[in-house]
K.L.:
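Below: one structure in structure tokens.
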Number of protein chains: 2
Amino acid sequence: MNITNAEENYLKAIFKIAEKENKAASTNKLAEVMGTSPASITDMIKKMSDKKLVNYTKYYGVTLTSEGSKIATNLIRRHRLWELFLVDKLRFPWHQVHNIAEELEHIKSDDLVARLDAFLNYPKFDPHGDPIPNAEGKFTIRSQSPLSDARKGQKYVLVGLKENNYDFLKFLYDQGFKIGSSITLLEKSDYDHTAKILLDGRSEILLGAVVTQNLLVRNE
Amino acid sequence: MNITNAEENYLKAIFKIAEKENKAASTNKLAEVMGTSPASITDMIKKMSDKKLVNYTKYYGVTLTSEGSKIATNLIRRHRLWELFLVDKLRFPWHQVHNIAEELEHIKSDDLVARLDAFLNYPKFDPHGDPIPNAEGKFTIRSQSPLSDARKGQKYVLVGLKENNYDFLKFLYDQGFKIGSSITLLEKSDYDHTAKILLDGRSEILLGAVVTQNLLVRNE
DNA sequence: GAAATTATTTAAGTTTGCTTAAAAATAGAT
DNA sequence: ATCTATTTTTAAGCAAACTTAAATAATTTC
């Protein structure tokens, strides 16, 4: 069966909503995420339900069938592999790769993905620290906690980000943060969740609450 | 102005027809190349004429405007850069890259192309020996002649191919040919244009007329 | 140079993925 | 439990890029 780019995007959106909210995706939420009208969603979802890509219950919401889930996972795999390629090989800053990867992820060739994976050395995480599902669709899980929960004086490694929005990424990029950076917590305020850190043994940086809560680190 | 993927493909087809036949592209020829009906061509060409991408004269044919030519050249640049990436970096055999590059060439990012170009070291030719126009749209010209015109006993370098069809490429790939291969002409028949060559100092190969006429070489 | 063949265009219609506006169902407030 | 507000669906319609069938123009052939 042929899956269009638009359908792939719907599957991905439903997957991400389910992952975040842990429930069926509503028409309105999907419309918001996809940047279309709710009417378009109902329209499209009906067709995708006929194709057995999603389970649709009127006035309730949409979930993925196992077929739909497989396609969504594969799409995320492709997206994240391309993001890593763009950052590691083409030297793009990490806040500039999302839109390009949104296009690259739709290239239809399993061989291409397999070879790209090999070229990048079968990576487990993308440049933002998000896990790259393997060819079987398995995500690697890692231990992590927000920097806001960290202990003063301890040394951490930046492993991920809770938010991937452009401005946040650009801010971090400009400060010199990247996945794998070492972060030593010099000072912290339990009152307002700000912190002073030493980044990669080089620069002392003051961070506000929003930043410390969205940086995911692991010990040592 | 927004150019769709379909429009880009029309521009490329018109460019290639003009290059090969040295005249305006006819509706039927375009239909054949694009794999659509002649009626679709007329339909589309009219819209593209309104957009000043092509010059269209009813019942006569289509040529590119300078704007259209610029876009077509850029598309060829992108196509050939991606083909080189696929062969050199992802280790695809050269007969398997065309279709994937047909998709990759439509990714809309000038920055991506510039970085890919740099990553590949500003190459002048793709894996099939076709010239890659530079960022300004300039093609590199090189001296070349078909192997069928070569002289017995002389040593040559394979620089290009007259035909890029799948079966020809696969045949050559299976024999071990690639751009840059050394070819020594051991025997040749002026009667039927067959030849016996030494490829890369390793293997002696007998070639038929079609092959010798479609291999482009230069001396030494 | 008229008739026949071929090439091209026009006309009408299709599919995909979207839109707006109106109708219907659900959920929330009192 | 009813009224109101919100969400969702239905209906009608649009643009892009196709299709087939019919009409028209150009080219060949005799």
Side-chain angles (χ1 to χ4, degrees), chain A residues 1-15 17-18 20-21 23-64 68 71-72 75 102-103 105-108, chain B residues 1-14 17-18 20-21 23-64 68 71-72 75 102-103 105-106 108:
Chain A
M1 199 200 325
N2 223 53
I3 315 277
T4 66
N5 288 1
E7 285 170 339
E8 283 190 339
N9 288 334
Y10 273 80
L11 292 174
K12 194 173 63 162
I14 297 162
F15 185 98
I17 290 168
K20 210 172 180 183
E21 311 190 348
K23 62 175 188 196
S26 72
T27 302
N28 263 17
K29 181 72 192 172
L30 266 172
E32 180 203 320
V33 170
M34 305 284 304
T36 67
S37 70
S40 306
I41 303 294
T42 305
D43 198 67
M44 193 71 171
I45 287 305
K46 272 189 199 162
K47 294 176 203 157
M48 292 175 69
S49 178
D50 293 344
K51 278 178 141 181
K52 308 248 183 267
L53 295 171
V54 298
N55 308 114
Y56 171 51
T57 312
K58 267 192 185 184
Y59 294 104
Y60 168 68
V62 200
T63 58
L64 296 178
I71 295 167
L75 195 64
E102 290 277 287
E103 296 189 52
E105 69 189 7
H106 295 293
I107 308 288
K108 263 96 192 157
Chain B
M1 201 198 327
N2 223 53
I3 315 276
T4 66
N5 288 1
E7 284 169 341
E8 283 190 340
N9 288 334
Y10 274 81
L11 293 174
K12 194 173 62 163
I14 298 163
I17 291 169
K20 208 171 181 182
E21 310 190 349
K23 63 174 188 195
S26 72
T27 301
N28 263 16
K29 181 70 193 173
L30 265 173
E32 179 204 321
V33 170
M34 305 284 305
T36 67
S37 69
S40 306
I41 303 293
T42 305
D43 197 67
M44 191 73 171
I45 287 304
K46 272 189 200 162
K47 294 177 206 159
M48 291 175 69
S49 178
D50 293 344
K51 279 178 138 180
K52 308 245 182 268
L53 295 171
V54 298
N55 308 115
Y56 172 51
T57 311
K58 267 192 185 184
Y59 294 105
Y60 167 69
V62 200
T63 59
L64 296 178
I71 294 167
L75 195 64
E102 290 277 287
E103 296 190 51
E105 69 189 8
H106 295 294
K108 262 95 192 156

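In what follows, chains are A, B, ... by sequence order, proteins preceding strands, each numbered from 1. Quick note: numbers below take in every heavy atom, side chains included, and nothing from hydrogens, waters or symmetry partners.
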K.L.:
Measure from CG on B:Leu30 to C1' on D:dC18 and round the result to the nearest Å.
P.N.:
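The answer, rounded to whole Å, is 15 Å.
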K.L.:
Look only at the side chain of B:Lys20 and the backbone of B:Ala18, and say whether a donor-acceptor pair between them is shorter than 3.5 Å.
P.N.:
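No, B:Lys20 side chain to B:Ala18 backbone: no donor-acceptor pair under 3.5 Å.
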K.L.:
Distance check needed: C:dT15 C1' versus A:Met44 CE, whole Å only.
P.N.:
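My rounded result for the distance is 12 Å.
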K.L.:
I want to check something: taking the side chain as every heavy atom from C-beta on, are B:Tyr10 and B:Thr36 in contact at a cut-off of under 4.5 Å?
P.N.:
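They are in contact (side-chain heavy atoms under 4.5 Å apart), so the answer is yes.
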K.L.:
Return the value, rounded to whole Å, for the distance between atom CD1 of A:Ile3 and atom C1' of C:dT16.
P.N.:
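Interatomic distance, CD1 of A:Ile3 to C1' of C:dT16: 14 Å.
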K.L.:
Do A:Lys108 and A:Ile3 touch side chain to side chain, with heavy atoms closer than 4.5 Å?
P.N.:
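They are not in contact (no side-chain heavy atoms under 4.5 Å apart), so the answer is no.
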K.L.:
If you pin A:Ile41 and B:Tyr60 to their nearest nucleotides in DNA chain C, which one's is more 5'?
P.N.:
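Upstream on the strand: B:Tyr60.
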K.L.:
A:Leu53 has an atom CG; how far is it from atom P of C:dG17, in whole Å?
P.N.:
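From A:Leu53 CG to C:dG17 P: 11 Å.
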K.L.:
Could you tell me the separation between the NZ atom of A:Lys51 and the C1' atom of C:dT15, rounded to a whole number of Å?
P.N.:
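Those two atoms, NZ and C1', are 12 Å apart.
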K.L.:
What nucleotide among D:dC18, C:dC18, D:dT7 has an atom nearest to a side-chain atom of A:Asn28?
P.N.:
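Closest of the options to the side chain of A:Asn28: D:dT7.
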K.L.:
Given D:dT9, D:dA16, C:dG17, which nucleotide is nearest the side-chain atoms of A:Thr27?
P.N.:
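That would be D:dT9.
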K.L.:
List every contact pair, protein side and nucleotides 10-12 of chain C side both N or O, where the distance is under 3.5 Å.
P.N.:
from   : atom 1 : to      : atom 2 : distance (Å)
C:dT10 : OP1    : B:Lys58 : NZ     : 2.4
C:dT10 : OP2    : B:Lys46 : NZ     : 2.3

K.L.:
B:Glu7 has an atom CD; how far is it from atom C1' of D:dA15, in whole Å?
P.N.:
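My rounded result for the distance is 12 Å.
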K.L.:
Donor-acceptor pair, distance only, cut-off 3.5 Å: does the side chain of B:Lys29 make one with the backbone of B:Ala24?
P.N.:
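Here the side-chain-to-backbone pair does not exist.
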K.L.:
Starting at NZ of B:Lys47 and ending at P of D:dA15, how long is that distance when rounded to a whole Å?
P.N.:
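My rounded result for the distance is 11 Å.
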K.L.:
Which distance, rounded to the nearest 0.5 Å, do you find between the CG of A:Leu75 and the NE2 of A:His106?
P.N.:
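Taking CG in A:Leu75 and NE2 in A:His106, the distance rounds to 5.5 Å.
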K.L.:
Show me the donor-acceptor pairs within less than 3.5 Å that the side chains of residues 38-47 of chain B make with the rest of the protein, sequence neighbours left out.
P.N.:
from    : atom 1 : to      : atom 2 : distance (Å)
B:Ser40 : OG     : B:Ser37 : OG     : 3.0
B:Thr42 : OG1    : B:Pro38 : O      : 3.4
B:Asp43 : OD2    : B:Lys47 : NZ     : 3.4

K.L.:
Would you mind classifying the nucleic acid contact of A:Thr36 as base, sugar-phosphate or nothing, using non-hydrogen atoms under 4.0 angstrom?
P.N.:
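Answer is sugar-phosphate: A:Thr36 comes under 4.0 Å of backbone atoms only.
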K.L.:
Whole angstrom is fine here: how far is it from CG in B:Asn2 over to P in D:dA17?
P.N.:
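Nearest whole value for this atom pair: 10 Å.
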K.L.:
Just N and O in the side chain of B:Thr4: are any of them under 4.0 Å from OP1 or OP2 of D:dA17?
P.N.:
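Answer is yes, contact under 4.0 Å.
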K.L.:
Between B:Glu105 and B:Glu8, is any pair of side-chain heavy atoms under 4.5 Å apart?
P.N.:
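No. Closest side-chain heavy atoms not under 4.5 Å.
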